[in-house]
Amino acid sequence: MIAMVDGDNFYVSCERVFNPRLEGLPVGVLSNNDGCVVARSRELKALGVALGAPLHLLPPAIRRQAVLLSSNYALYGDVSRRVNRVLAEFSPDVEPYSIDESFVGFTGFDPGALETHCHRLRETVRQWTGIPVGVGVAPTRVLAKVANRLSKRMPAYEGVCRLDADSDVTRRVLQQLPVTQLWGVARRTGERLALMGIETAWQLREADPKQIRSAFSVVLERIVWELRGHPAIELEDVNAPRQRILVSRSFGRLSGELGDLQAAVRQHATRAAEKLRRQGSLAQAVLVFLRTDPHRVCDPQYTNSQVVALEEPSDATPALLEAARRALAAIFLEGHRYQKCGVMLLDLMDAERRQLSLLDEPKDAWRRDRNRRLMATLDRLNREMGRDTVRFGLPHADSAWALRCQRRTGRYTTRWDELMRVRTG
DNA sequence: TCTGGGGTCCTAGGACCC
DNA sequence: TCTGGGGTCCTAGGACCC
């Protein structure tokens with residue numbers, strides 16, 4: 001059996017841990033740039049605010065009534081790690097899946113005692129971290145997701161719901177569940193399934209896996225097997241190195257200035273390089289993209305991207321910055337007002353397994369070693385003394401591309417200075 | 001005025017090879 | 001009228017996730 005554990009309104013719950021006055025109030029957390037609502041407390045949901053609702057389209061009455069906060073990912077990430085440490089007390093097999101969800105394997109545990117065990121798990125997470133979680137237990141991940149959903153919607157379960165593969169309860173649940181509510185089935189697939197007369201999770205479960213595979217894909221076939229209680233989905237290790245690294249942001253306001261774009265691309269490439277070194281990889285190519293604002297239908301639209309290959313695989317910020325600069329120069333057009341740009345690092349490889357070239361000369365090895373030590377020193381300074389203590393190039397003051405996040409609460413668990421605001425603020 | 005960011009996997013189809 | 005066959009690799013794009 002496997003459990004899916006996930007935080008109730010996770011971002012809101014994190015905020016409430018550090019500000020109990022938010023309990024009982026309609027609270028929302030906003031995306032980057034304070035753009036739209038990405039997490040809602042139960043009270044905010046009750047006011048009819050949809051997930052993803054743009055902030056500027058919320059009725060004034062709701063904006064007055066609700067507490068709307070900028071997102072504070074440093075805080076949420078830290079709380080998430082704490083929750084996972086608690087889960088590890090209950091099983092050696094914890095697989096973090098996203099910032100607010102983890103699978104917990106219970107292979108070899110006494111099936112009869114599982115629910116009691118999960119109730120204790122849930123209470124301990126609440127006590128030690130302050131985060132309320134729901135727990136869904138089932139033989140497969142897809143069913144565990146369904147069970148998790150039930151654990152939150154049906155008060156009778158008190159936060160822990162178990163679904164066995166062939167019980168009457170499972171059948172009734174799946175018969176009432178629209179197929180698009182399943183993990184891995186979204187609108188597009190739902191539309192095509194409806195044409196075949198498959199609208200509930202139960203109907204999908206009863207479909208012929210081979211037929212599903214040929215009409216759709218192996219992905220959907222696996223979901224059929226999982227619904228029947230046969231595990232078919234393995235999770236890739238979230239700690240495995242990423243295969244590509246993307247850093248992008250919408251601008252705080254639109255800009256047509258090359259200088260603004262260059263500054264933003266520099267910043268994104270710098271961040272991407274830090275992520276790259278943290279996971280011990282080298283990049284072989286850099287992609288830069290930019291685009292105008294698709295919501296301004298009257299403005300001329302332009303979107304483009306360019307890949308620049310590096311001369312040799314690298315994790316050195318200057319090499320990546322230079323490639324990004326050239327990529328941007330290749331696609332920048334005067335006369336557009338840009339809304340977003342980003343930098344992607346591609347063809348990543350393990351730094352330990354660099355292919356040595358026959359053409360290498362001693363000075364190449366020396367240069368690489370010097371670069372490596374320079375980057376390591378820079379990362380250490382920025383880690384210990386604060387981000388951007390040492391950086392390449394200067395930031396623009398009041399940059400057009402800077403994020404708006406005026407409603408952010410303190411990063412209480414990772415910044416001493418901001419923790420103090422709890423007491424003084 | 002104001003609409004997020006960062007990922008993965010799979011498939012189809014083209015290029016290329018012998 | 002009929003114009004090989006089989007394989008690999010790569011890329012773009014679709015679909016999905018949180």
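Chain letters run A, B, ... following the sequence lines, proteins first and then strands; every chain starts at 1. Heavy atoms only: backbone and side chains are in, while hydrogens, waters and symmetry mates are out. On a predicted model such as this, the values are computed, not experimentally measured, just so you know.
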Donor-acceptor side-chain pairing of [X] and [Y] below 3.5 angstrom:
{"X": "A/S13", "Y": "A/D8", "result": "no"}
{"X": "A/N9", "Y": "A/Y11", "result": "no"}
{"X": "A/T292", "Y": "A/Q301", "result": "yes"}

Figure out the [atom1]/[atom2] separation between [X] and [N], and round it to whole Å.
{"X": "A/R337", "N": "B/dT1", "atom1": "CZ", "atom2": "C1'", "value": "11 Å"}
{"X": "A/R187", "N": "C/dC16", "atom1": "CZ", "atom2": "C1'", "value": "12 Å"}
{"X": "A/Q267", "N": "B/dG5", "atom1": "CD", "atom2": "P", "value": "13 Å"}
{"X": "A/Y73", "N": "B/dG5", "atom1": "OH", "atom2": "P", "value": "9 Å"}

Could you tell me whether the phosphate oxygens of [N], OP1 or OP2, come under 4.0 Å of any side-chain nitrogen or oxygen in [X]?
{"X": "A/S250", "N": "B/dG5", "answer": "yes"}
{"X": "A/K145", "N": "C/dC17", "answer": "no"}
{"X": "A/R296", "N": "B/dT1", "answer": "no"}
{"X": "A/S248", "N": "B/dG4", "answer": "no"}
{"X": "A/K275", "N": "B/dG7", "answer": "yes"}
{"X": "A/R188", "N": "C/dA15", "answer": "yes"}

Any side-chain heavy-atom pair of A/E199 and A/T180 under 4.5 Å: no
Minimum-distance nucleotide (side-chain atoms of A/H56 versus B/dT8, B/dT3, B/dG5): B/dT3
Candidates C/dA15, B/dG4, B/dG5 - which lies nearest the side chain of A/C36: B/dG4
Consecutive-pair stems (3 or more, Watson-Crick or G-U, under 3.5 Å) for DNA chain B: B:5-18 with C:5-18
Whichever of A/I245 and A/V38 has its nearest DNA chain B nucleotide further upstream toward 5': A/V38
Toward the 5' end of DNA chain B, by each residue's nearest nucleotide, A/Q243 or A/Q339: A/Q339
Face-on cation placement of A/R291 at A/Y338 ring, 6.0 Å and 45° thresholds: no
Ring geometry between A/F10 and A/Y76 (parallel below 30°, tilted from 30 to 60°, perpendicular above 60°): perpendicular
Geometric class of the A/H230/A/W225 ring pair [parallel <30°, tilted 30-60°, perpendicular >60°]: perpendicular
Sugar-phosphate, base or nothing in reach of A/D100, heavy atoms under 4.0 Å: sugar-phosphate
Sugar-phosphate only, base, or nothing, as touched by A/L182 at under 4.0 Å among non-hydrogen atoms: sugar-phosphate
Under 3.5 Å, which protein N or O atoms sit close to an N or O of nucleotides 10-14 of chain B? Give each pair with its distance.
{"residue": "B/dC10", "atom": "OP1", "partner": "A/R222", "partner atom": "NH1", "Å": "3.0"}
{"residue": "B/dC10", "atom": "OP1", "partner": "A/R222", "partner atom": "NH2", "Å": "3.2"}

Euclidean distance, A/L290 CG relative to A/S305 OG, rounded to 0.5 Å: 8.5 Å
Contacts of A/R82 that satisfy salt bridge (Lys or Arg N to Asp or Glu O under 4.0 Å) - sequence neighbours left out: A/D78
Centroid distance under 5.5 Å and plane angle under 30°, A/H295 vs B/dT3: yes
